[in-house]
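Below: the structure, in structure tokens.
Positions are given from 1, in the same order as the sequence printed here. All figures in this text were calculated on a predicted structure; none of them were measured in a lab.
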Amino acid sequence: MTWLTWRQFRVQAISAAAVMAAFAILLAATGPHLASLYAASGISGCKPASCGNLAAGFLAQLSTAGTYAVLDLIGVVIILLTPAVIGLFWGAPLIARELETGTAALAWNQSVTRTRWLAVKLTVYGLAAMAVTEGLSLMQAWWAAPIGRAVGQLGSLHFTLPGEFGFVLSRFSPLAFATQGITPLGYAAFGFALGTAAGVLIRRTVPAMAVTLAIFAAVQIAMPLWVRPHLFPAQYTVVSVASLDSLRPDNIPGHPGAWLLSTQTVTVAGQPVYAAPAACPAPSLVKGSDSGEGAYLDCLASHGIREEFSYQPASRYWAFQGTETAIYLALALILAGYCFMRLNRRRG
């Protein structure tokens, strides 16, 4: 049964291997030069006072060239789409096509039970789906390691130049979080199981593919917007507006790399502030842009204006990764259990 499953899986396996090989060649061809640019930037042996400027210069160089920003975006898009593609073209047709053509009935009339037949297929296809997706993620992580190390020297969440491509620098950003670490494993397992369950339920390949795409997209949108921020209780801090960086408003002083959930301007008593005091002129009305911004913030601080941040600390990154991956794996197991139950109900 296992050998037969592998024979049926050979087209998908060859296609996946070709995509991974092409992706690996692309990264291997450009990765060494990216690493050499990082080595030449001087970030590796920098002193703390100069590391930020060196990292900013390195990222500016990459952003101005544009090539590496495009390659980074291509890699992110490929990893994001892979679980959905697996659900559409591996999961949805897996059982639906057998039911449409009647080949499933032939297999079930042999010595192989329905439970074993489905278990082998889910195991082979599911493990392959997870291996392909995580493999792409690991290759991307290797290639982008110099960018990640440079980002570690910056406190900003985004680094862009006008008219140029930029890099998403926060590990908690939706694109970065979904393509790094172990979450791609969960997405791949869920996408494949979702497609298989849709095929078992609808019993027609094309409608099952449409349902799979709709549900998978909805879940992937809902998770970062409404679920992920609440997996762990948020932490809060209040700082003086004078300590804020006007060029990097998403920075939380004293909490580098934290995931900013919300921010609110408040008074010393904690009451929301909706307008600046009349005594504090807007920065545009003060001569000199830099000094004007600083004078404006100092004026607000002198009136007791503070900034309240709701955030998730950087130390929780792997806790979020593990929890979200476990949620998707649990959903995949539930969908797989539904497939077994549904097929066994058809025995009569």
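- For Ser50 (side chain) and Cys46 (main-chain N/O), no donor-acceptor pair under 3.5 Å exists by modelled atom type.
- Under a 3.5 Å cut-off, the side chain of Thr64 and the backbone N or O of Gln61 do not form any donor-acceptor pair.
- Looking only at side-chain heavy atoms (C-beta outward), Tyr317 and Ser315 stay at 4.5 Å or farther from each other.
- Residues Thr179 and Gln140 have side chains that never bring a donor and an acceptor to within less than 3.5 angstrom of each other.
- Checked by atom type and distance alone, the side chain of Ser302 pairs as donor or acceptor with a backbone atom of Cys299 at under 3.5 Å.
- Inspection of the Thr205 and Glu100 side chains reveals an N or O donor paired with an N or O acceptor under 3.5 Å.
- Between Tyr125 and Trp90, the ring planes lie perpendicular to each other; the angle is over 60°, past the 30° to 60° tilted range.
- Side-chain contact between Phe89 and Gln12 is absent, with no heavy-atom pair separated by less than 4.5 Å.
- Val19 is not connected to Leu88 by any chain of hydrophobic side-chain contacts under 4.5 Å among Ile, Leu, Val, Met, Phe, Trp and Tyr, and they are in different clusters.
- Exactly one residue among Phe190, Phe216, Phe192 makes a side-chain contact (heavy atoms from CB on, under 4.5 Å) with Pro83. That residue is Phe216.
- Rounding to the nearest 0.5 Å gives a distance of 11.5 Å between OH of Tyr38 and CG of Leu62.
- Under a 3.5 Å cut-off, the side chain of Thr325 and the backbone N or O of Gly322 do not form any donor-acceptor pair.
- Phe320 pairs by the ring pair (Phe, Tyr, Trp, His ring centres under 6.0 Å) definition with Phe172, Phe232, Trp259, not counting sequence neighbours.
- Salt bridge status for Lys121 with Glu98: present, with a side-chain N to carboxylate O gap under 4.0 Å.
- Between the side chain of Arg306 and the main chain of Val266, no donor-acceptor pair closer than 3.5 Å is present.
- Annotation: side chain of Ile79 is not in contact with side chain of Tyr187 (no heavy-atom distance under 4.5 Å).
- Applying the 6.0 Å contact sphere to CZ of Arg149 captures more than 12 heavy atoms from other residues, nucleotides or ligands.
- Formation of a donor-acceptor pair under 3.5 Å by the Thr183 side chain with backbone atoms of Gln180 is found in this model.
- Distance alone, capped at 3.5 Å, is enough to place a donor-acceptor pair between the Thr212 side chain and the Ala208 backbone.
- A distance of 13.5 Å separates CZ of Arg342 from CG of Leu118, quoted to the nearest 0.5 Å.
- Criterion: ILVMFWY side-chain heavy atoms under 4.5 Å apart, direct or through other members. Under it, Phe340 and Leu127 are not part of a common hydrophobic cluster.
- Hydrophobic cluster membership is shared by Tyr328 and Leu231, with clusters built from Ile, Leu, Val, Met, Phe, Trp and Tyr side chains linked at under 4.5 angstrom.
- Not one N or O on the side chain of Ser240 forms a donor-acceptor pair closer than 3.5 Å with the backbone of Ser243.
- Side-chain contact between Leu300 and Val273 is absent, with no heavy atoms from C-beta onward closer than 4.5 Å.
- Here salt bridge (Lys or Arg N to Asp or Glu O under 4.0 Å) pairs that include residues 315-325, with residues two or more places apart or in two chains, are Arg228-Glu324.
- The shortest distance between side-chain heavy atoms of Pro313 and His255 does not fall below 4.5 Å.
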